Amino acid sequence: MRYSRAFIPTLKEVPKDATMPSHILMLRAGYARMVGAGIYELLPLGTRVLHKIEKIVREEMDAAGAQELLMPTFLPGEYFKESGRWELYGPTLLRIKDRKGGEYHLGPTHEEIVTDLVRREVKSYRQLPLNLYQIQNKYRDEPRPRAGLLRCREFIMKDAYSFDVSDEAALASYQQMHDSYHRIFQRLGLEYRVVEADSGAIGGKQSAEFQVLAQTGEDWIVACDECDYAANVEIARRGPVAGAEPDPSKMLPVEKVETPNTHTIEEVVAFFGPDVTAAQTLKSLVYLASDEIVLAVVRGDHEINEIGLARQLGVDALLLASDAAVKEATNTEIGFVGPVDFGGRIIADPDAVSVLNAITGAGETPYHLKNVNHGRDYTAEVLSIRQATSGDPCPNCNGTLQLYRGIEGGHIFVLGTHYSDKMNATFLDEEGDSHPIVMGCYGIGVTRLIAAIIEQHHDEEGIRWPVHVAPYQVIVTPIGKDEEPLTKATEIYETLRDQGIEALLDDRSERPGVKFKDADLLGIPLRITVGSRGLKQGTVELKKRIEAESEDVPAADIVSATQAALAALRS
RNA sequence: CGGGGCGUAGCGCAGCUUGGUAGCGCGCACGGUUCGGGACCGUGAGGUCGGAGGUUCAAAUCCUCUCGCCCCGACCA
């Protein structure tokens, strides 16, 4: 491609609505543009990267025996109604009425649709196992789209669905996808962890997330520093904790302190001065578990694990009480709630009850209590209800957990018969007996991965694409006003193309600085610079985007040198 | 949905407090000089000031409503 004819609208300045590196760089380097919140156009360069990722995904899915198909995105509501997700999905489902008033929606994921297809067409164990996948747009009216391509309302997903005759066979399919995903993420040049995860609205029994490590990720995960245990903090387990009661001989008398405008733990710590840390405070949160009001207490520096709390309470979902509901239940404003003299059920984490002489909300606005101790001043059911964090013992070995942030790039699920039961998808076995088909489903956020790769591969100057996903492998940059560099660069460019190397020829009449800046911004892995100065010695320059120095190469050898450099980058 | 911020030329911003000619930088077009890390000079094109209503002789500026975008939280395969 000749740069002078290419649609690559780069920006010198950072667009004001972008804050994440991937978002800023995709806009600045001309890979994408925003149309609305969470709705993006992929420009030619972005589309080339998308196709590169899709190719890798297809190769690995096909190699695992999955077959590609294409289901519609515009769907009659009846299938989600059949599974119950028409209600369960709530406002996240983008609903549409047709001219006759019929109820439709855009597909957020396709378990029901593929299950319907399979129940119509698959009748016999002889047709199983089966794994079907597609790469297409998905629609979710996210409560808060954000961070460019990382959380969109329209995005491209690879979704695969496996169908088996038994739990054992389904687990083998799951394991095969697990292995495929490893190869995909490795080929994409990503640093990632596979973590145990919650199944969420998809339903099912077991799931694992492929989390791309990045400080800008939305998810928190913990991983053991010694064994392979890793989990999303939503469900992470941790080794046993003592939960020792505080020593009564060291307890000080309770003191009530007026603490205006201290609603958060940070504000409380700041109010009580430099000797107090968050670990000496208690965080009290009011939840609605079904109809019951529950006060959950964790140490101030810890976070509540809501999924874990809900499971231990035996309810499907917990609702954090609104400001008004807290006021009604406790007669206290948020920020001043505490366990002392709380009327209802109190659940406290072992680490919370061990705090000696804790600071906590007084249950009265605007006061806090000092020197609160479990056993003496309040009594709680002690359950492990906080999220795991750095320093916690590993549940599986003697190692220690570390906290990371991640971007959920893939998620694989064992579904069992969750959908096949509801939708009556069955097969006949050798005996002629009918059984529900055992399913699994496997998603990769393809457009999200474009952004995730940039989050891991960039510097101050721009993107640094891994060679397998780069939109072009080489940019040939003639510089200077003479004819000779352009002539020579064009010759090199055409030879590279003849060799099957994707190259961009920067034939614009720009000054060298502009071309270098753009080449770095775009992130093309290799740059060949052709200038009059080098040509006098018969050389051109070869530079890797990830290295600071370039190397002089005899012009006659540049194609083989380029091939060698690409091979080195690929390995 | 709660909290905070922002909407003025393609992009980044000033002007608004105290109402009165819509500005700056980059980019774009043309001419000239320049040419190895986002050059310089000159000329020029380009704006329903997010939208609607109101106050006023007069609104980018004041008031009301509304739409959109970003961030934090709630929520979320």
Side-chain angles (χ1 to χ4, degrees), chain A residues 9-20 23-24 27-28 30 33-39 85 88-93 107-111 138-148 150-153 155 157-161 197-204 207-210 216 218-219 232 234 263-264 285 287 303 306-307 317-324 326 334 408-413 415 441-445 448 461-462 477-482 485 508-521 527 529-535 540-541 543 548 550:
Chain A
T10 60
L11 304 171
K12 270 192 194 175
E13 296 186 80
V14 177
K16 76 170 168 4
D17 287 340
T19 53
M20 295 264 173
H23 191 193
I24 291 170
L27 296 173
R28 281 199 58 213
R33 288 292 184 265
M34 186 179 80
V35 176
I39 307 172
R85 288 207 289 186
L88 191 66
Y89 241 102
T92 302
L93 194 64
T109 173
H110 283 240
E111 283 77 14
K138 294 286 186 277
Y139 299 86
R140 295 178 190 177
D141 193 0
E142 293 283 349
R144 190 180 154 208
R146 77 186 102 174
L150 284 173
R151 180 166 292 277
C152 281
R153 294 193 288 176
F155 59 100
M157 179 162 94
K158 186 283 303 177
D159 46 324
Y161 306 89
D198 182 56
S199 294
I202 289 281
S207 83
E209 291 169 342
F210 283 68
T216 47
E218 293 185 272
D219 295 335
N232 193 303
E234 289 176 350
H263 299 273
T264 65
L285 295 171
Y287 283 95
E303 298 298 327
E306 292 189 3
I307 292 174
L318 278 178
L319 202 60
L320 188 61
S322 66
D323 295 22
V326 170
I334 282 189
E408 184 186 355
H411 201 160
I412 60 178
F413 301 79
L415 291 174
C441 71
Y442 318 93
I444 287 180
R448 177 181 280 180
E461 293 298 319
T477 308
I479 56 174
K481 56 182 191 280
D482 303 333
R508 298 175 298 168
S509 54
E510 290 288 353
R511 295 159 58 87
V514 173
K515 293 186 177 186
F516 294 152
K517 285 286 184 186
D518 276 339
D520 287 348
L521 185 59
R527 186 180 82 207
T529 307
V530 184
S532 311
R533 218 163 60 188
L535 286 180
V540 298
E541 292 161 37
K543 182 180 174 299
S550 64

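Each chain gets a letter, A, B and so on, in the order its sequence line appears, and its residues count up from 1. Everything numeric in this text was worked out from a predicted model, so none of it was measured.
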Enquirer: Does any N or O donor sit under 3.5 Å from an N or O acceptor when you compare the side chain of A:Arg144 with the base of B:C76?
Expert: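 Looking at the base of B:C76, it does not pair with any donor or acceptor on the side chain of A:Arg144 (distance under 3.5 Å).
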Enquirer: Holding to side-chain hydrogen bond (donor to acceptor under 3.5 Å, both in side chains), I want the full list of residues that pass it with A:Glu408, two or more places apart in sequence or in another chain.
Expert: A:His411
Enquirer: Any strand is fair game: report the nucleotide pairing with B:C1 by Watson-Crick or G-U wobble, both distances under 3.5 Å, or none.
Expert: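 B:G73 - that is the nucleotide pairing with B:C1, both distances being under 3.5 Å.
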Enquirer: What does nucleotides 32-41 of chain B look like as a protein-contact string, B for base, S for sugar-phosphate only, - for none, at under 4.0 angstrom between heavy atoms?
Expert: --BBBBBB--
Enquirer: Among all residues two or more places apart in sequence or in another chain, which pass the salt bridge (Lys or Arg N to Asp or Glu O under 4.0 Å) test with A:Arg508?
Expert: A:Asp506, A:Asp518
Enquirer: Only counting residues at least two apart or in another chain, list the ones meeting side-chain hydrogen bond (donor to acceptor under 3.5 Å, both in side chains) with A:Ser532.
Expert: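 Partners of A:Ser532 under the side-chain hydrogen bond (donor to acceptor under 3.5 Å, both in side chains) test: A:Asp482.
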Enquirer: Could I get the full list of side-chain hydrogen bond (donor to acceptor under 3.5 Å, both in side chains) partners for A:Lys158, not counting sequence neighbours?
Expert: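 So A:Lys158 forms a side-chain hydrogen bond (donor to acceptor under 3.5 Å, both in side chains) with A:Tyr181.
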Enquirer: Who pairs with A:Lys543 by salt bridge (Lys or Arg N to Asp or Glu O under 4.0 Å), at least two apart in sequence or on another chain?
Expert: none
Enquirer: State which residues pass salt bridge (Lys or Arg N to Asp or Glu O under 4.0 Å) with A:Asp219; sequence neighbours excluded, sorted by chain then number.
Expert: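 With neighbours one apart ignored, the set is empty.
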Enquirer: Partner lookup for B:G20, please. Criteria are Watson-Crick or G-U wobble with both distances under 3.5 angstrom; report none if nothing qualifies.
Expert: B:C57
Enquirer: Give every pair of a protein N or O atom and an N or O atom of nucleotides 44-48 of chain B that lie under 3.5 Å apart, one pair per line with the distance.
Expert:
none

Enquirer: With sequence neighbours left out, what residues match A:Glu142 under salt bridge (Lys or Arg N to Asp or Glu O under 4.0 Å)?
Expert: A:Arg151
